Amino acid sequence: MFDLTGRVAIITGGASGIGAAAVRMFHELGASVTLGDIQTEAGEALASELGDRVRFSRLDVSKQADWERTIEETEAAFGPVNVLVNNAGHSGHWKPASELALEEFRLVCAINQDGVFLGMKLVLPSMIRAGGGSIINNSSGYGLVGAANNLDYCASKFAVTGMTKAAAIEFAPSKIRVNSVHAGVVLTPMVRDTMSRLGADGDAFIARMPLNRGAEPSEIASVFAFLASDAASFVTGAALPVDGGLTAQ
């Protein structure tokens with residue numbers, strides 16, 4: 001598919017769903033990978049399964065100290081980081097804005113927005129030491145269009161879209177590309193749980209997509225791999241929908 005031999009990557013939310021699919025794919029394509037997650041048992045199991053070029057780091061993306069430790073440990077194990085996939089996320093509370101507590105709003109933004117900011121800011125020195133790299137921010141279709149009862153999630157994901165474009169301009173002189181990926185429904189455990197709670201509304205959402213199905217995690221991971229590779233060497237500042245046509249309507 002794409003050659004990632006010699007790449008050193010950090011993939012957040014790497015213990016399950018899209019993140020785990022990306023860890024597997026990047027490893028298969030030759031990269032050395034630190035998978036960061038708060039799911040310690042699942043993360044350690046995946047790293048153990050894949051072997052020497054994959055390691056687990058307990059990473060709460062909203063905590064600066066966790067980021068600093070994860071980056072330091074990655075450099076010590078593999079060398080300077082040249083790929084960062086900001087994938088960890090919170091699915092939001094799916095309730096009307098009038099019922100959304102400030103603490104709930106801030107929780108979603110701390111993970112989805114602050115986590116991306118901290119990752120980009122703190123990995124920058126390592127990427128400069130590496131001579132450049134690629135940052136891939138997993139936003140959402142709801143980082144491009146709005147949705148009722150989803151204000152917290154939309155706010156955080158629109159922020160990721162904007163931060164991506166600003167960072168792409170700022171980091172370009174250091175040969176660092178920054179892009180965002182905007183998925184629709186991806187059939188991960190987190191999304192399946194959300195759709196189960198929404199019931200018929202979840203089925204109606206899938207029916208709105210021209211391709212009329214949810215994506216498999218590997219279908220998003222393959223786009224991450226493209227953006228991490230030399231095949232995307234002239235791609236930066238892009239907001240790439242991978243959403244079955246949702247935002248084309």
Side-chain angles (χ1 to χ4, degrees), residues 10-13 18-19 22 36 59-64 67 71 81-94 97 100 102-128 132-186 190-191 220 223-224 226-228 232-249:
I10 295 174
I11 299 175
T12 71
I18 297 170
L59 172 60
D60 178 339
V61 295
S62 69
K63 307 297 185 186
Q64 180 165 335
W67 271 109
I71 293 166
V81 179
N82 45 29
V83 179
L84 170 63
V85 180
N86 279 313
N87 169 71
H90 190 296
S91 61
H93 292 91
W94 287 90
L100 186 66
L102 178 60
E103 292 75 16
E104 291 174 322
F105 179 86
R106 285 177 170 166
L107 172 63
V108 174
C109 289
I111 296 169
N112 293 356
Q113 180 177 344
D114 296 357
V116 170
F117 162 70
L118 287 170
M120 292 196 298
K121 170 186 169 68
L122 296 173
V123 84
L124 184 59
S126 188
M127 283 199 172
I128 290 172
S134 174
I135 297 174
I136 301 143
N137 295 326
N138 196 11
S139 180
S140 170
Y142 285 147
L144 298 173
V145 299
N149 302 323
N150 205 16
L151 192 150
D152 50 355
Y153 186 77
C154 288
S156 66
K157 293 301 188 177
F158 266 82
V160 170
T161 306
M163 289 192 294
T164 296
K165 292 184 179 297
I169 297 166
E170 182 176 340
F171 296 0
S174 298
K175 299 180 181 178
I176 297 169
R177 299 181 293 105
V178 190
N179 295 284
S180 56
V181 173
H182 300 259
V185 171
V186 185
M190 182 176 75
V191 170
I220 312 303
V223 178
F224 293 169
F226 161 68
L227 291 172
S233 59
F234 203 58
V235 181
T236 197
L240 183 58
V242 191
D243 62 3
L246 175 67
T247 57
Q249 302 176 95

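Computed over heavy atoms, backbone and side chain alike; hydrogens, waters and symmetry mates excluded. Note that the structure is predicted; figures quoted are calculated from it, not measured.
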Point-to-point distance, once rounded to the nearest 0.5 Å, from SG of C109 to CG of L102: 9.5 Å
Can you give me every donor-acceptor pair (side chain of residues 239-249, partner residue at least two apart or in another chain, under 3.5 Å) with its distance?
unit_1, atom_1, unit_2, atom_2, d
D243, OD1, G245, N, 3.0
D243, OD1, L246, N, 3.4
D243, OD2, T247, N, 2.9
D243, OD2, T247, OG1, 2.6
Q249, NE2, R208, O, 2.9
Q249, NE2, L246, O, 3.2

Any side-chain to backbone donor/acceptor pair from S62 onto I111? Under 3.5 Å, distance only. no
Could you walk me through whether F171 and M127 pass the side-chain contact (heavy atoms from CB on, under 4.5 Å) check? CA-CA 10 Å; F171 296 0; M127 283 199 172; over 6 Å; no
dist S156:OG -> L151:CG (nearest 0.5 Å) comes out at 10.0 Å
Any non-hydrogen side-chain atom of F224 less than 4.5 Å from a side-chain atom of I11? no
Working to the nearest 0.5 Å, report the span between OG of S91 and OH of Y142. 12.5 Å
Donor-acceptor under 3.5 Å (S126 side chain, V81 main chain): yes
Are any side-chain N or O atoms of H182 and backbone N or O atoms of S140, one a donor and one an acceptor, separated by less than 3.5 Å? yes
Any non-hydrogen side-chain atom of M163 less than 4.5 Å from a side-chain atom of N137? no
I169 side, atom CD1; T164 side, atom OG1 - distance, nearest 0.5 Å: 11.0 Å
Exam field: side chain T161 to backbone G143, donor-acceptor pair closer than 3.5 Å: yes
Here the pair of heavy atoms bringing M120 nearest to L84 is N-CD2, 4.0 Å
Can any side-chain N or O of K157 pair as donor or acceptor with the backbone N or O of N138 at less than 3.5 Å? yes
Give me each pair satisfying salt bridge (charged side-chain N to carboxylate O under 4.0 Å, His left out) with a member in residues 102-120, each pair once, sequence neighbours excluded. K95-E104
Quick check: closest heavy atoms across A88 and G13, and the distance to 0.1 Å? CB-N, 3.6 Å
Quick one: pull up CD1 in I10 and CG in L122 and give me the separation to the nearest 0.5 Å. 10.0 Å
Any sub-3.5 Å donor-acceptor pair from W67's side-chain atoms to V61's backbone N or O? yes
Can you tell me if S139 uses its side chain to pair, donor with acceptor, with the backbone of V160 under 3.5 Å? no
Give the minimum heavy-atom separation between F226 and A232, together with the two atoms involved. O-CB, 3.3 Å
Over all heavy atoms of both residues, which pair between A228 and I136 is shortest? Give the atoms and the distance, please. N-CD1, 3.8 Å
Does the side chain of I135 come within less than 4.5 Å of N86's, by heavy atoms? yes
Approximate separation, where rounding is to 0.5 Å, of K175 NZ and T236 OG1: 14.0 Å
Would you say the side-chain atoms of N179 pair up with the backbone N or O of V235, donor to acceptor, closer than 3.5 Å? yes
Only counting residues at least two apart or in another chain, list the ones meeting side chain to side chain donor-acceptor pair (under 3.5 Å) with D152. H93
